[in-house]
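Order of the sequence lines fixes the chain letters, A, B, ..., with proteins taken first and strands second; residue numbering starts at 1 for each chain.
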Protein chains: 2
Amino acid sequence: MQVDRFDPTPLYQQVARAIREQIQSGSLKPRDPIPSESELVADHGVARETARRAVALLREEGWVVTLPQRGTFVADRPGRTGGS
Amino acid sequence: MQVDRFDPTPLYQQVARAIREQIQSGSLKPRDPIPSESELVADHGVARETARRAVALLREEGWVVTLPQRGTFVADRPGRTGGS
DNA sequence: GAGAATTTGTACGTATGTATG
DNA sequence: ACATACATACGTACAAATTCT
């Protein structure tokens, strides 16, 4: 799904929202891999940096966990930071 | 102070460390502005993206606070995230 | 073990937008 | 109007670790 370039919402937030909704709806389940950066670039029509920011945002929000050189996966308890 | 390109430590971490040490040593005090992105680029000989990452890291660590379109400043209680 | 492909990490350069002074 | 400063976005390149053939 391409982003909407007329929507003033930053593209990386649009991409993040699309993934977040897939997690919330259950089409992406805990421990499932989310699309790789390259796939996000192709699927959404954005630059890699934009895709990376989207994933970074989801990571900060606790939706996903990234394993370097492995991939990024849906967290066991998505949406929870795990912090104190 | 230029970064050390033979040091395997990522450049953005080297820049962040340099700023962090200035805060810890007291040469940068709470509410002082830290150098702008352009100044970090000039001072350390790195790209803007690298300077931005350094600042982002310090922000995550609680050393600085960024006020959009204002600048980035040393936190009131540097090194504390303010979280629970 | 060798080699290619994949995936994330780091880094540089550039451009435009938005808000402030 | 102009300069400053951060935010977003695109493109490119190479490194490092893992995975697959």
Side-chain angles (χ1 to χ4, degrees), chain A residues 1-20 22-23 28 30-75 78, chain B residues 1-20 22-23 28 30-75 78:
Chain A
M1 201 263 270
Q2 303 286 309
V3 295
D4 179 1
R5 286 167 191 278
F6 292 95
D7 184 339
T9 305
L11 301 187
Y12 78 94
Q13 291 179 18
Q14 293 186 41
V15 174
R17 187 186 53 196
I19 301 169
R20 196 186 301 111
Q22 289 184 55
I23 297 173
L28 281 175
R31 305 210 177 188
D32 278 351
I34 71 170
S36 70
E37 293 174 0
S38 297
E39 287 170 329
L40 292 177
V41 166
D43 293 351
H44 297 272
V46 297
R48 189 186 166 202
E49 175 167 311
T50 304
R52 283 180 62 73
R53 285 199 191 189
V55 174
L57 179 57
L58 294 172
R59 199 161 45 228
E60 289 166 17
E61 293 175 345
W63 294 103
V64 302
V65 175
T66 295
L67 307 180
Q69 280 72 54
R70 289 292 189 94
T72 298
F73 306 85
V74 178
Chain B
M1 199 265 270
Q2 304 286 311
V3 294
D4 179 2
R5 287 166 192 278
F6 292 95
D7 185 339
T9 305
L11 300 187
Y12 77 94
Q13 291 180 17
Q14 292 187 42
V15 174
R17 186 185 54 196
I19 301 169
R20 196 187 300 112
Q22 289 183 57
I23 297 174
L28 280 175
R31 306 210 176 187
D32 278 353
I34 70 170
S36 70
E37 291 178 2
S38 296
E39 288 171 326
L40 292 176
V41 166
D43 293 352
H44 298 273
V46 297
R48 272 153 194 78
E49 174 80 7
T50 303
R52 283 182 61 73
R53 285 198 193 188
V55 174
L57 179 57
L58 294 172
R59 197 161 45 229
E60 290 166 17
E61 294 174 345
W63 293 104
V64 302
V65 175
T66 295
L67 306 180
Q69 278 73 52
R70 288 292 192 89
T72 298
F73 306 85
V74 178

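One interatomic measurement links the two molecules: CG of L67(B) to C1' of dT18(C), which rounds to 16 Å at whole-angstrom precision. The nearest whole Å value for the distance from the CG atom in L58(B) to the C1' atom in dC6(D) is 15 Å. The distance between atom CG of L40(A) and atom P of dT7(C), rounded to the nearest whole Å, is 11 Å. Spacing between atom CZ of R5(A) and atom C1' of dG17(C) amounts to 14 Å, rounded to whole angstrom units. As rounded to whole Å, 15 Å separates atom C1' of dG11(D) from atom CD of E37(A). Straight-line distance from the CG atom of L57(B) to the C1' atom of dA11(C): 16 Å, rounded to whole Å.
Listed by chain and number, the residues in a side chain to side chain contact (heavy atoms under 4.5 Å, CB included) with V3(A) are R5(A), L11(A), Q14(A), V15(A), H44(A), V46(A) (sequence neighbours excluded). In this view, E61(A) and R20(A) satisfy the salt bridge (Lys or Arg N to Asp or Glu O under 4.0 Å) rule, not counting sequence neighbours. Taking D32(B) as the reference, L28(B), K29(B), V74(B) meet the side chain to side chain contact (heavy atoms under 4.5 Å, CB included) condition, with sequence neighbours excluded. Residues passing the salt bridge (Lys or Arg N to Asp or Glu O under 4.0 Å) test with E39(B): none are found, sequence neighbours excluded. Scored by the side-chain hydrogen bond (donor to acceptor under 3.5 Å, both in side chains) test, D4(A) finds no partners at all (sequence neighbours excluded). In this structure R48(A) satisfies the side chain to side chain contact (heavy atoms under 4.5 Å, CB included) test together with E37(A), V41(A), R52(A), sequence neighbours excluded.
OP1 or OP2 of dA5(D) sits under 4.0 Å from a side-chain N or O of S36(B). Taking side-chain N and O atoms only, Y12(A) has no distance below 4.0 Å to OP1 or OP2 of dA9(D).
With dA11(C), dC6(D), dG9(C) as the choices, the nucleotide that has an atom nearest any side-chain atom of T66(A) turns out to be dG9(C). Listed nucleotides dC6(D), dT8(D), dA11(C) differ in distance to L11(B); the shortest reach to its side chain belongs to dA11(C).
Nearer the 5' end of DNA chain D, as judged by each residue's closest nucleotide, is the contact made by E39(B), out of P10(A) and E39(B).
Sorted by residue number, the members of residues 45-56 of chain A with any non-hydrogen atom under 4.0 Å from DNA chain D read V46(A), A47(A), R48(A), E49(A), T50(A), R53(A).
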Under 3.5 Å, which donor-acceptor pairs link side chains of residues 66-73 of chain A to any protein atom two or more places apart or in another chain?
from: T66(A); atom 1: OG1; to: R59(A); atom 2: NH1; distance (Å): 2.7
from: T66(A); atom 1: OG1; to: T72(A); atom 2: OG1; distance (Å): 2.8

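Nearest heavy-atom pair across P78(A) and I23(A) is CB-CG2, 3.7 Å. Closest heavy-atom contact between L58(A) and A16(A): CD2-O, 3.6 Å.
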Protein N or O to nucleotides 17-20 of chain D N or O, pairs below 3.5 Å:
from: dT18(D); atom 1: O3'; to: R70(A); atom 2: NE; distance (Å): 2.7
from: dT19(D); atom 1: OP1; to: R70(A); atom 2: NE; distance (Å): 2.9
from: dT19(D); atom 1: OP1; to: R70(A); atom 2: NH1; distance (Å): 3.2
from: dT19(D); atom 1: OP1; to: R70(A); atom 2: NH2; distance (Å): 3.4

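Pair assignment for dC6(D): dG17(C), on the basis of Watson-Crick or G-U wobble contacts that are both within less than 3.5 Å.
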